[in-house]
Number of protein chains: 2
Amino acid sequence: MLETIVERLQEAGHRLTKPRMAVLQVLETGGEHLSPAEILARGQAIYPALSRATVYRTLELLSELGLLRLIHPGEQRSSVACVAMHHHGHHHLLCIHCGCMIPFEECVVGELEATLSQRLGFEIKGHLLEFYGLCKECRGHQKVEQ
Amino acid sequence: MLETIVERLQEAGHRLTKPRMAVLQVLETGGEHLSPAEILARGQAIYPALSRATVYRTLELLSELGLLRLIHPGEQRSSVACVAMHHHGHHHLLCIHCGCMIPFEECVVGELEATLSQRLGFEIKGHLLEFYGLCKECRGHQKVEQ
DNA sequence: GCATTAATTGAGACTTTGTCTCAATTATAT
DNA sequence: ATATAATTGAGACAAAGTCTCAATTAATGC
Ligand SMILES: [Zn+2]
Ligand SMILES: [Zn+2]
Ligand SMILES: [Zn+2]
Ligand SMILES: [Zn+2]
């Protein structure tokens with residue numbers, strides 16, 4: 001997986017620097033829900049001089065290449081850089097009370113994607129399907145608390 | 001529509017203050033893609049003393065009541081408080097190059113929603129389906145620019 | 001290997017977003 | 001009208017994200 005990304009970077013004429021490689025390593029092993037701040041922290045464990053600017057620059061670069069997708073950037077609490085490098089689409093449930101995320105695999109948008117793409121002349125690179133509501137736990141709490 | 005919201009607010013025991021009404025008015029007329037900053041600016045045109053804190057507090061209140069949903073908060077450029085007070089679900093295409101958003105109406109998640117809800121014990125209140133890629137215009141540009 | 005060169009980097013100033021506290025205001029019920 | 005508790009604005013604060021610029025470094029050709 002990392003190799004694919006590295007290839008695509010080089011194809012597009014970008015350098016393979018140490019700070020970049022550190023970010024990529026973090027992304028590869030860190031799952032799909034890391035915040036930029038977390039990526040920075042983990043990246044500095046690999047390459048201590050890594051700077052915030054470089055994290056953002058690298059994320060932007062990968063976004064432009066269609067290799068990942070930032071979801072809900074900026075949220076202070078549950079800030080999530082949702083990395084969808086493994087799939088074309090990304091799917092989860094999000095609890096609006098505790099902020100937990102539960103991913104799921106089913107994808108039901110294939111046909112719709114084709115329709116929209118044709119109708120609107122849009123070149124679709126991926127998608128995000130997010131359900132939001134109350135998770136099993138928060139569903140119980142909610143009534144007691146309020 | 002505004003009346004429904006006002007009713008629900010009062011039912012839940014919240015006051016009908018001027019700053020709140022200003023925010024509601026903005027939301028009603030401003031479409032579904034306003035950022036908190038835009039809501040503040042437009043709100044101050046109606047009620048000049050309106051403060052940022054109140055905008056956020058009102059948005060949070062409405063979220064808790066399930067009346068709207070913030071999407072991608074915090075993004076500096078295309079910051080979007082996606083107000084989905086009109087529908088259970090919200091659907092759009094997002095251009096990763098120019099940031100434009102094209103809404104669409106088709107909803108294909110009904111069955112999946114039921115399945116997931118049952119399987120995971122999640123009380124689903126709404127959903128966001130977002131396709132991302134290049135819009136018609138940017139699709140052309142892209143090659144020229146780069 | 002070594003030099004050249006243009007891409008990339010880190011530092012840190014800066015802007016914007018979002019949160020919090022507290023004293024002053026105000027909607028509501030009586 | 002008064003009492004009371006919710007709500008407010010101001011402004012301090014914290015965190016996220018952007019930008020500039022001089023210094024570094026990966027790639028290319030020798
Ligand atoms: Zn996710
Ligand atoms: Zn929860
Ligand atoms: Zn939308
Ligand atoms: Zn576009």
Side-chain angles (χ1 to χ4, degrees), chain A residues 6-24 26 33-41 43-65 68-82 96 99 146, chain B residues 6-24 26 33-65 68-82 99 146:
Chain A
V6 165
E7 271 174 38
R8 283 230 234 165
L9 270 181
Q10 290 192 309
E11 275 170 31
H14 299 287
R15 288 189 190 170
L16 235 57
T17 63
K18 285 174 197 171
R20 249 174 215 169
M21 287 305 291
V23 171
L24 290 180
V26 171
H33 292 113
L34 293 170
S35 67
E38 282 170 334
I39 293 167
L40 175 59
Q44 286 177 330
I46 299 172
Y47 182 81
L50 182 65
S51 72
R52 188 153 39 125
T54 297
V55 169
Y56 281 104
R57 286 189 283 232
T58 305
L59 293 177
E60 193 190 1
L61 179 59
L62 295 175
S63 292
E64 277 165 13
L65 294 175
L68 70 75
R69 166 93 179 116
L70 292 175
I71 304 286
H72 302 199
E75 273 183 44
Q76 213 141 56
R77 202 163 289 259
S78 56
S79 179
V80 169
C82 184
I96 58 179
Q146 210 121 300
Chain B
V6 166
E7 271 174 38
R8 283 231 234 166
L9 271 181
Q10 291 192 308
E11 275 171 30
H14 298 287
R15 287 188 190 170
L16 234 60
T17 63
K18 285 173 195 171
R20 246 173 217 170
M21 286 305 293
V23 171
L24 291 180
V26 170
H33 293 113
L34 293 169
S35 67
E38 284 169 332
I39 293 168
L40 175 59
R42 297 192 189 191
Q44 286 178 331
I46 301 173
Y47 182 81
L50 182 65
S51 73
R52 189 154 37 123
T54 297
V55 169
Y56 281 103
R57 286 189 283 231
T58 305
L59 292 177
E60 194 191 0
L61 178 61
L62 295 175
S63 292
E64 278 165 12
L65 294 174
L68 69 76
R69 165 97 178 115
L70 291 175
I71 304 286
H72 303 200
E75 274 181 44
Q76 209 140 58
R77 201 162 290 260
S78 57
S79 179
V80 170
C82 183
Q146 209 121 299

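Lettering of chains follows the sequences in order, A, B, ..., and the numbering in each one begins at 1. Scope of the values below: all heavy atoms of this structure, side chains included, with no hydrogens, waters or symmetry mates. Remember, predicted model here, so these are calculated numbers, not experimental data.
Side-chain atoms of A:Arg52 and base atoms of D:dG17 include a donor and an acceptor less than 3.5 Å apart. Taking only distance into account, the side chain of B:Arg57 meets the base of D:dG9 through a donor-acceptor pair shorter than 3.5 Å.
Contact annotation: the side chain of B:Thr58 never approaches that of B:Pro19 to less than 4.5 Å [non-hydrogen atoms, C-beta and beyond]. The closest side-chain heavy-atom distance from B:Arg8 to B:His14 is not below 4.5 Å.
Here A:Arg20 reaches the OP1 or OP2 of C:dT8: one of its side-chain N or O atoms lies under 4.0 Å away.
The side chain of B:Leu50 approaches D:dG9 more closely than any other nucleotide in the set C:dG10, D:dG9, C:dT17. When the nucleotides D:dG17, C:dT9, C:dG12 are ranked by their closest atom to the side chain of A:Ala53, C:dG12 comes out on top.
Judged by distance alone, with hydrogens and angles left aside, the side-chain atoms of A:Glu64 form no donor-acceptor pair with the main-chain N or O of A:Leu61 at under 3.5 Å. Between the side chain of A:Thr54 and the main chain of A:Leu50, no donor-acceptor pair closer than 3.5 Å is present. Between the side chain of A:Gln10 and the main chain of A:Glu7, no donor-acceptor pair closer than 3.5 Å is present.
Comparing B:Tyr47 and B:Tyr56 by the nucleotide of DNA chain C that holds the closest heavy atom to each, the one mapping nearer the 5' end is B:Tyr56.
Distance A:Leu9 CG to D:dA26 C1': 13 Å, rounded to the nearest Å. C:dT9 atom P lies 13 Å from atom CG of A:Leu40, rounded to whole Å. In this structure, the CG atom of A:Leu34 is 14 Å from the P atom of D:dA16, given to the nearest Å. Between the CE atom of B:Met21 and the P atom of D:dA6 there is a distance of 21 Å, rounded to whole Å. Remark: P of D:dT18 and CG of A:Leu59 are 10 Å apart, rounded to the nearest angstrom. Regarding B:Glu60, its CD atom lies at a distance of 15 Å from the C1' atom of D:dT8, rounded to whole Å.
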A:Val6 and A:Met21: side-chain contact (heavy atoms from CB on, under 4.5 Å), yes or no, with the steps? CA-CA 9 Å; A:Val6 165; A:Met21 287 305 291; 4.1 Å; yes
Give me the distances for all protein-to-nucleotides 28-30 of chain C N/O pairs that come in under 3.5 Å?
from, atom 1, to, atom 2, distance (Å)
C:dT28, OP1, B:Leu16, N, 3.1

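Residue A:Arg52 comes nearest to A:Leu40 through the heavy atom pair N-CD1, 3.8 Å, listed as atom of the first residue, atom of the second, then distance.
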